[in-house]
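Data first, discussion second: the structure below is written as structure tokens.
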Amino acid sequence: MAVTHPLDPYLRVDRIPTMWCPGCGLGIALGAILRAIDRRIEEGLLKKENIAFVGGIGCTARMTLYPYFDSAHVIHGRAIPFAIAVKVVKPEMKMVIVGGDGDIAAIGGNHLLHALKRNADLLVIMVNNMTYGMTGGQLAPTTPRGLYTTTTPYGNPERELNVIKLAAALGANYVARSSITHPQLLERTIYKALAKRGLAFVEVLSTCPEIFGRHIGLRNPVDLYMELKKKVTVKTNPSIEESDYDWGRGFVIGEFVDRDEPGFLDTYREYISKSFGGGAV
Amino acid sequence: MKLSTPAATLIKTKSSKYAINVITERCKECGICVAVCPTKVLARGDSRNRRGYRYVVPAYPDKCIGCKMCEYSCPDFAIFVEAG
Ligand SMILES: Cc1ncc(C[n+]2csc(CCOP(=O)(O)OP(=O)(O)O)c2C)c(N)n1
Ligand code: SF4
Ligand SMILES: [Mg+2]
């Protein structure tokens, strides 16, 4: 019997159920991303054949396996340089990078930094489950202070990396934080980010009940989901100071940066045409 | 070309206004839909799918207000709501 879920036209349904643990927030994030893309396709802004998903390694990066678009599952942390290369050669492509906090901000941190500095024309979706889920729950730079993980049995003594502040400081055109506990809002955020030139960075707070939750007494997917939901506050146009990242005080979600400066491709083209009189590129 | 769809079972539960559809083979029994439904339409089920998960059941379909919170919050594309 044919399956008729509204998102099935965008899914490689032969790969569903996903490899993700029951109640993992990643599937909720993927649903919201696909609904946002669907709206942009319906509007005529995007074409299905011009969308490519790129991810490195991790449970989040495995997201590249499920949408029915071109996709590349590359080396851990290297999704951004791969995507920039595609974008430079095929500027008509919409490059959607999906990676975990480890993939994007830890091992891939240096690539992120330079892509931000270039305002590279990419949509970077960092799903932040605050741990390295796939490899067993090690401490990530995004693990909140004080929390227990596989590698911090006495609690995390380190300060957290607030990637929102990093992205804002280095000049991305769009910087937003959202959460899987607010799927409609997440959809709207991705919908908006899809239309931006330059770099759009969206952090998606998510849940890893199986590996992250178990160390903090929230292994039940509903318990961790509800705990995250309690910690999330929605704000309209929050200031960058409000992006404060703290498990105890909670997390503000919203759009922290929304500007329209020339992206990497615009600048690149301008310099090429200055040098070659508008011929190439 | 799109590969073939795996065998799936779709259970449609109708109320006067909405149809709540559960693709039983996709459900992983996480319980998130049950928890987020504002009018408590859904309940944990007793029957198991082929993977051993007890898929969710729309126990009180008449309470459905069509908000689709379950659809948007299901990590496994296993539930969706239609008007009528
Ligand atoms: C070069 C390299 N170093 C380390 C690993 C091991 N490794 C695989 S996934 C991962 C971390 C994944 O964390 P994250 O990106 O947050 O993804 P999650 O599983 O949490 O979604 C690590 C360290 C690897 N695959 N390749
Ligand atoms: S290990 Fe965590 S992030 Fe990975 S699939 Fe399981 S719950 Fe999700
Ligand atoms: Mg992670």
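Just so it is clear: chains get the letters A, B, ... in the order the sequence lines come, proteins before strands, and each one is counted from 1. What you are looking at is a predicted structure, and each value in this text was computed from that prediction instead of being measured. These numbers come from the heavy atoms of this one structure, side chains and all, not from hydrogens, waters or symmetry mates.
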Take A/Leu11 and B/Phe77 through the side-chain contact (heavy atoms from CB on, under 4.5 Å) test and state the conclusion after the steps. CA-CA 10 Å; A/Leu11 288 168; B/Phe77 313 99; 3.8 Å; yes
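Of the atoms belonging to B/Cys33, not a single heavy atom falls under 4.5 Å from chain A. Using a 4.5 Å cut-off between heavy atoms, B/Asn21 does not touch chain A at all.
Here B/Ser73 contributes atom OG and A/His182 contributes atom NE2; the two are 10.5 Å apart, rounded to the nearest 0.5 Å. Summarising the geometry, atom CG belonging to A/Asp8 is positioned 5.5 Å from atom CD1 belonging to B/Ile23; distances are rounded to the nearest 0.5 Å. In this structure, B/Ile32 CD1 and A/Ile180 CD1 are separated by 6.0 Å, a value rounded to the nearest 0.5 Å. Here CG of B/Asp76 is found 5.0 Å from OG1 of A/Thr18. Values are rounded to the nearest 0.5 Å. Rounding to the nearest 0.5 angstrom, the gap separating the CZ atom in A/Arg35 from the NZ atom in B/Lys68 is 9.0 Å.
Checked by atom type and distance alone, the side chain of B/Lys28 pairs as donor or acceptor with a backbone atom of A/Trp20 at under 3.5 Å.
Residues B/Glu25 and A/Pro17 come closest through the heavy atom pair O-CG, 3.9 Å. Between B/Cys74 and A/Ile28, the closest heavy-atom pair is C-CG1, 4.3 Å. The shortest non-hydrogen separation linking A/Gly23 to B/Pro75 is CA-CG, 4.2 Å. Nearest approach of A/Lys229 to B/Met69, heavy atoms of both residues: NZ-CE, 4.3 Å.
Counting heavy atoms of neighbouring residues, nucleotides and ligands inside a 6.0 Å radius, atom NZ of A/Lys231 exceeds 12 of them. The environment of NZ in B/Lys40 is crowded: more than 12 heavy-atom neighbours from other residues, nucleotides or ligands sit within 6.0 Å.
With a 4.5 Å cut-off on side-chain heavy atoms, A/Tyr225 and B/Val36 count as touching. B/Glu82 places none of its side-chain heavy atoms less than 4.5 Å from the side chain of A/Thr4.
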